[in-house]
Structures are given as C-alpha cells and as structure tokens.
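Computation of the quantities below employed the complete heavy-atom set of this structure, encompassing side-chain atoms and omitting hydrogens, waters and symmetry-equivalent molecules.
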Amino acid sequence: MNKKNIVRASLSSLSILVLASCAQVAQPPLCLSDVTRINQIQGTSAESSLVGQQVTTRGVVTAAWQSSDALGGYFIQSVPNDVDNNAMTSEGLFVSAANTTLSMNVGELAYVTGTIGESNGLTQIDTITDFAVCDSNLTVEPTQFELPVANFEQFEALEGMLLSLTQSLTVNGHYQLLRHGQFDVAPHRLYTPTQHVEPGEPARKRALANKLARLVIDDNQAPNPDEIKIPAPALSADNSLRSGDTIGPVSGILSEFRGDYRLQPTSTIEVIKTNSRPQPPQSPATNTIRVAAFNVLNYFNGEGREKSFPTERGAKTAEEFARQHQKIIAALSQLNADVIGLMEIENDGYNSHSAIHELTDALATATGHPWRFIQADQDRFGTDAITNGLIYRSDKVRPEGEPLTINQAPFGQRSRLPLIQRFVPYNTVENLVISVNHFKSKGSCPSDRKDANANQNDGQACWNQARTESSQLLADFIDNHPELRRHSLRVLMGDFNAYAQEDPIQTLLKRGYYNRIDYFNPQGYSYVYDAQAGSLDHLLVSSGLTARVVNQAIWSINADEPTLLQYNNANKNPNWYAPSPYRASDHDPVYADIQF
C-alpha cells in the first residue's frame, strides 16, 4: 500500500463521525447537497477538466490564510467517504476567498459552491456563491512525503494536500526571501550541473534530477514582508539563513506556482545552523604570497568630484554607497591577501575621486599596509561601465614592466579587457604573471541569434562561444607575447562566468593551467544561482606553480547569504545591515597561497 493510501485508511473512522454529525444536527441546506468530490475536480492531469464549471464540493479545512497579508484563501481536504484511493488524483483543493466574506477555521467541514479555475498552475475553486460549515473539530492526518520525487506527476498528485516531511532538508537558495519570503530546500546540496558534469546530455540529466529534488518553502505572507521570521525569532544581519543550513521536520500544504511546487508550512520551521559563517583566513606564511580575485558587485562611488548619486550601476544614494563601502573594505581587509584582482569596479579612471583610488586608500587605512593600484590606462580602462582592477601591497610585491591587455574581439566587445601585470615578490627574482579577467556573462540571451552564441540548451547558457574564444585568445596572448612568454609562473584569475566543466575553463586546462581547488576542496563554489551552487570565479595556475600552491580556497562570505543582507536593503529593515564582510557581494572571493 502506498503512503497516500495509508493516510487515507487511517481516516476511515472520521467518516463515521462526519456522517453521524450531519444526521443528528440540523444542517444548512447546502450540507445536504450532492457534491463533486475533490479528486474529481483535480483529476489526473495538470489542469482540471472542470475549469469554468460551477460545482459544490466539500472538505475539511486544513489551513486558513484568508487575510490580505496572507494567501487569500483556504485549503480543504477530502472526507474519507470521498477518497477514491487513486494515487494519481489529489484529495486537496484551494478555496480562493478573494473579495468574499467567507470565513472558515481549521478543522471545520466546509461545503462550498463556486467555479473551478486554474491560477498560475494551482487548481482552485473561486467565484464563491454559497458556503456552509457543516461540522467542526475534525482532523486530517498529513501524508508522509519525501524528496526527491520520481517525476513531476507525483507533485501534482499531492497538490493542495497536507503533507509531513520528516527527512533532513538542506537550504539551497533564498533569492526570493526578500520578495516573497521563500527559500528552496532539497535532501542535499544541489550544484549547477556543469560544475561537476559535462555540458549536453549529462548536464540535462543532472538539471532534471535537481528539479525533482527541490521544494520551495513559503512564508504564507503577502509580497515584500518587512520582517522574515526564519530563523527564529527573526532574520537579521547577525541571525542569517545560509544556504547549507538544514531545517527540522515540517508539515504543510503542497501548492504550485507556475510549475514550481512549494510547501505552505502549517508547523513552525526550525533552522539548524549546519553551515556556520566562516572566519577570515589566517595571514599567509612567510615567503608566501596570497593572490585573490573578488567581484565587488558594482562598486560605484558617485559621479565626478562631487560623487553624486545615483550612478549608472550600484548604490542609488550616498548612504547606500557608504554601507556598501564598509562591507567591501571589511571583506578585502580580512581576506589578508597581497595581490587582489577586482571585477565590477566602476570604470571612471584613476584620479583621486575614482572608485579604485577611493577603495585602495580606504583599504590602506583599514589594514595599515601600503596598498597601491595598477593604472591600466591614462583614463578609463575599456568602454564598459565596469572594469577590471588590480591592487597590491607594495611592501610584499612590486610591479615589473607595463600593464598589458588584449583589444582583439571578443575582448572589448563581449568580455571585459583583461588586466595583465608582472609582479616580483620581495626576496626573490622570479616574475609572477597575473591576469585579471571578467568574461561575458550568461545573461541577456539574444532571442534572435541562431549562431554558436545562442543558448544551445546544453547547460552553458548563451555567449558560451564568446567566453571560449576569450579563453583561447588569452592563452595565446600570454604564450606569444615577447615579454610574458619568458615567464612560466602565471595566474589567471577572475570571474570567468563559466562553471568548472564548461568549455571556457576546460580550454584553459587543456592549455596547461590547473585549478588547484580541485585538490584542496573539490566541492568548493563561489556563487549560488537558482538554488544551485557552482564556481564562476576561478584561480588557475600554470604547471610551474602547481606544487607551490600550498592552499587554495574560497572564503564563503557571500554566495550562501540572503540577498536581503546586502547594503541596499537597510532602509527596509535596519536589522538586516551590518558593516561586516557577510553579503558584501554576490560572489565569494577565491584565493591561493603561493610559496616563493
């Protein structure tokens, strides 16, 4: 007997009480009506075959969320006499109470007359014309449920029903936590398919498996809540809900919204902090240089000498920028690096009011170390609003030669100009070639393109060809440049906008570069997108450096943290902001310690 039948069988005694109650007490006329059973309304397909028809149905109220700051309705579930024992038909239904005076409580037996409809994939009864409460103090035992499901039909067959999940569930993402009070869970950590498997059919299979393992946990509230109650007593800058944390057993109603299935909890959610915030990395050892790459999330410090706001990107006000600046400097100073490549910094030159000048001066003040920046051009570096930057501790390394870049497409057109600089660590004569990179993003997929840069549906998204060409051109340039080719100690780092198994990264690995994170932490990741973890940020070293990398790591301060803890949400709830490194950006910094 399947789990659904076990639950239904356990409710057989309830039918006797319901029928006896209806027989012994004077009932409203509606309570004596013939009904269309909930399972008849739901049917075995994604949409009800009765859409647009007026019916009378009945069920026990399992959840009541009618208020304007909730879901605007109720969920009801079949009485035992109505159960059809067909595992493919749901016994639950949403009753939309919008613009009605309908009032019901959990445990009441409700008869409802209305029109069957579909709202964003959820079957419901709405346009209510009559309802009656025909009994009370009834209970519905939740159906035991576990992830993953074998197919989406299993979700659909339980739509609207009360479920109980007792397995350990891992928080995987919370992008909609600020907007809709939602977060995603699965039985384990989910990874972007192309982080670990090849593009194409392997990636498609992994993507499907991820979808079958995921469930959204909703807060049953209206959009844009002023406070998030999870984790208890409320989410704050010091009480975060991190991806990788787990939740205790939970009960709730399974609902649907545009193909995503979600649990509307009816029990308290307990968060177990199994992915605590990491402490700052210790300073590198003597004769060791720490190189790092950090995407600083559109660090724009205002327009011109007046530093007026808003700017083209980033902070909208001076107050927002002050908060962003504090978080970025906290992260950079505690990273304890010696050379840092920066992505998404404002491309406004190198004078005293420029973004990179302000950031470098502030970092020197915060750390007490002499930080300098590489001036890559006379004014702006490239034509994009953002650019790549390179800063260094002048007491640990000195730049050698002029900074270099590549102006050949796709650089300058798609990918940002790479910033290539040689450094000499003190107490050595060896040259270290560092290239800071920011390849074309996966976003803004062109719908009219039919070439190799269109989305091939292989897991690599659009513009993969441009990113791959960027990798090839970068490797060729360094190999063939008359100065660079003489120096075999090389580091390519930055935001490549490609996961580990995708063509751009694999191209560089085939050209003789190594990703030492595969040795130190094969499960490492720097970014979470669509509730799946992966690395867009990489630090690759040439063969001459592989044995010298004594540690390579990702400081997980950003990707696992909710977006609402960013600098730009403090005006909504001041408890969400702290001048700490956590959620300073959406990317985690990656770093490597190299011995000289």
Side-chain angles (χ1 to χ4, degrees), residues 292-318 320-321 324-325 328-329 332 339-364 371-392 394 399-423 433-441 443-444 463 466-467 469-470 473-474 477-478 481 484 492-497 537 585-587:
F294 191 17
N295 183 315
V296 292
L297 187 60
N298 293 313
Y299 179 93
F300 280 55
N301 70 334
E303 297 295 342
R305 295 185 180 279
E306 299 77 16
K307 297 186 177 180
S308 59
F309 290 87
T311 57
E312 186 172 351
R313 297 191 185 188
K316 302 301 182 186
T317 66
E320 278 192 0
F321 173 71
Q324 180 187 24
H325 178 77
I328 292 294
I329 294 302
L332 291 174
V339 180
I340 305 175
L342 304 173
M343 288 68 66
E344 288 195 18
I345 191 165
E346 183 179 9
N347 189 11
D348 62 344
Y350 300 92
N351 55 35
S352 60
H353 57 265
S354 66
I356 196 167
H357 202 297
E358 179 167 354
L359 182 146
T360 306
D361 285 352
L363 185 58
W371 281 91
R372 304 285 185 268
F373 59 81
I374 296 296
Q375 182 167 339
D377 209 330
Q378 291 300 311
D379 188 18
R380 289 161 53 91
F381 183 49
T383 59
D384 203 336
I386 56 175
T387 193
N388 294 323
L390 186 54
I391 60 177
Y392 63 97
S394 61
E400 188 75 16
E402 296 298 317
L404 302 170
T405 192
I406 307 171
N407 289 296
Q408 181 180 339
F411 291 113
Q413 294 181 0
R414 304 296 182 197
S415 298
R416 283 83 184 179
L417 297 182
L419 176 49
I420 306 169
Q421 177 68 58
R422 284 187 294 133
F423 286 97
V433 177
I434 291 181
S435 175
V436 183
N437 308 278
H438 191 184
F439 286 2
K440 181 73 176 80
S441 74
S444 304
W463 303 114
R467 291 188 293 273
E469 290 174 357
S470 298
L473 190 56
L474 177 64
F477 180 83
I478 295 176
H481 191 275
L484 300 180
L492 312 182
M493 62 182 183
D495 180 358
F496 291 84
N497 271 310
D537 309 88
S585 176
D586 51 347
H587 294 246

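Listed for the Arg380 side chain is a donor-acceptor partner under 3.5 Å among the backbone atoms of Thr383. Distance alone, capped at 3.5 Å, is enough to place a donor-acceptor pair between the Ser585 side chain and the Asn295 backbone. Here the side chain of Gln375 pairs a donor or acceptor atom with the backbone of Asp377 at under 3.5 angstrom. Under the 3.5 Å distance criterion, the side-chain polar atoms of Asn437 are matched with a main-chain donor or acceptor of Met493. When atom types are taken as modelled, the side chain of Glu344 and the backbone of Asn298 share a donor-acceptor pair closer than 3.5 angstrom. The closest donor-acceptor contact from the side chain of Ser415 to the backbone of Lys440 lies under 3.5 Å. No donor-acceptor pair closer than 3.5 Å links the side chain of Arg416 to the backbone N or O of Ile386. Not a single donor-acceptor pair under 3.5 Å links the side chain of Glu469 to the backbone N or O of Phe411. In this structure, Asn347 contributes its side chain and Gly382 its backbone to a donor-acceptor pair below 3.5 Å.
In this structure, Ile391 CD1 and Ile374 CD1 are separated by 10.5 Å, a value rounded to the nearest 0.5 Å. Separation of atoms CG (Asp384) and CD (Gln413) is listed at 12.5 Å; rounding is to 0.5 Å. Atoms CG and CG, from Leu419 and Leu390 in turn, are 5.0 Å apart once rounded to the nearest 0.5 Å. Between atom OG of residue Ser354 and atom CG of residue Asp348 there is a gap of 5.5 Å, rounded to the nearest 0.5 Å. We find the CD-CD1 distance between Gln421 and Ile434 to be 9.0 Å, quoted to the nearest 0.5 Å. Separation of atoms CG (Asp361) and CZ (Arg372) is listed at 9.0 Å; rounding is to 0.5 Å.
Shortest non-hydrogen contact noted between Ala362 and Ile329 is CB-CD1, 3.8 Å. Of all heavy-atom pairs between Ile356 and Thr360, the closest is O-OG1, 2.6 Å. What you find for Ser352 and Arg305 is that their closest heavy atoms are OG-NH1, 3.9 Å. When all heavy atoms of Glu303 and Glu346 are compared, the closest pair comes out as OE2-OE2, 4.2 Å. Of all heavy-atom pairs spanning Arg313 and Ala385, the tightest one is NE-CB, 4.3 Å. Scanning both residues, Val436 and Gly389, for their nearest heavy atoms gives CG1-O, 3.9 Å.
Under the rule for a salt bridge (Lys or Arg N to Asp or Glu O under 4.0 Å), the partners of Arg422 that lie at least two apart in sequence or sit in another chain are Glu483. In terms of the side-chain contact (heavy atoms from CB on, under 4.5 Å) criterion, residue partners of Ala364 (sequence neighbours excluded) are, by chain and number, Trp371. Listed by chain and residue number, Lys307 satisfy the salt bridge (Lys or Arg N to Asp or Glu O under 4.0 Å) test with Glu358 (two or more places apart in sequence, or in another chain). Residues passing the ring-ring contact (aromatic ring centres under 6.0 Å, His included) test with His587, sequence neighbours excluded: Tyr527. Taking Phe381 as the reference, nothing meets the ring-ring contact (aromatic ring centres under 6.0 Å, His included) condition, with sequence neighbours excluded.
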Kindly indicate, with the supporting measurements, whether the criterion side-chain contact (heavy atoms from CB on, under 4.5 Å) is fulfilled by Ile420 and Leu484. CA-CA 9 Å; Ile420 306 169; Leu484 300 180; 3.9 Å; yes
His357 vs Phe373, test: ring-ring contact (aromatic ring centres under 6.0 Å, His included). Steps then yes/no. CA-CA 8 Å; His357 202 297; Phe373 59 81; 5.5 Å; yes
Please step through side-chain contact (heavy atoms from CB on, under 4.5 Å) for the pair Asn301 and Leu359, ending with a clear verdict. CA-CA 9 Å; Asn301 70 334; Leu359 182 146; over 6 Å; no
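The aromatic rings of Phe439 and Phe496 sit perpendicular to each other, their planes meeting at more than 60°, with 30° as the lower class boundary.
Between Phe309 and Phe300, the distance from one ring center to the other does not fall under 6.0 angstrom. Separation of the Phe423 and Tyr392 ring centroids falls under the 6.0 Å cut-off.
The shortest distance between side-chain heavy atoms of Leu342 and Thr387 does not fall below 4.5 Å. Contact check for Pro310 versus Thr317: no side-chain heavy atoms found under the 4.5 Å cut-off.
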Donor-acceptor list for residues 400-409 side chains, cut-off 3.5 Å, not counting sequence neighbours:
from	atom 1	to	atom 2	distance (Å)
Thr405	OG1	Pro418	O	2.6

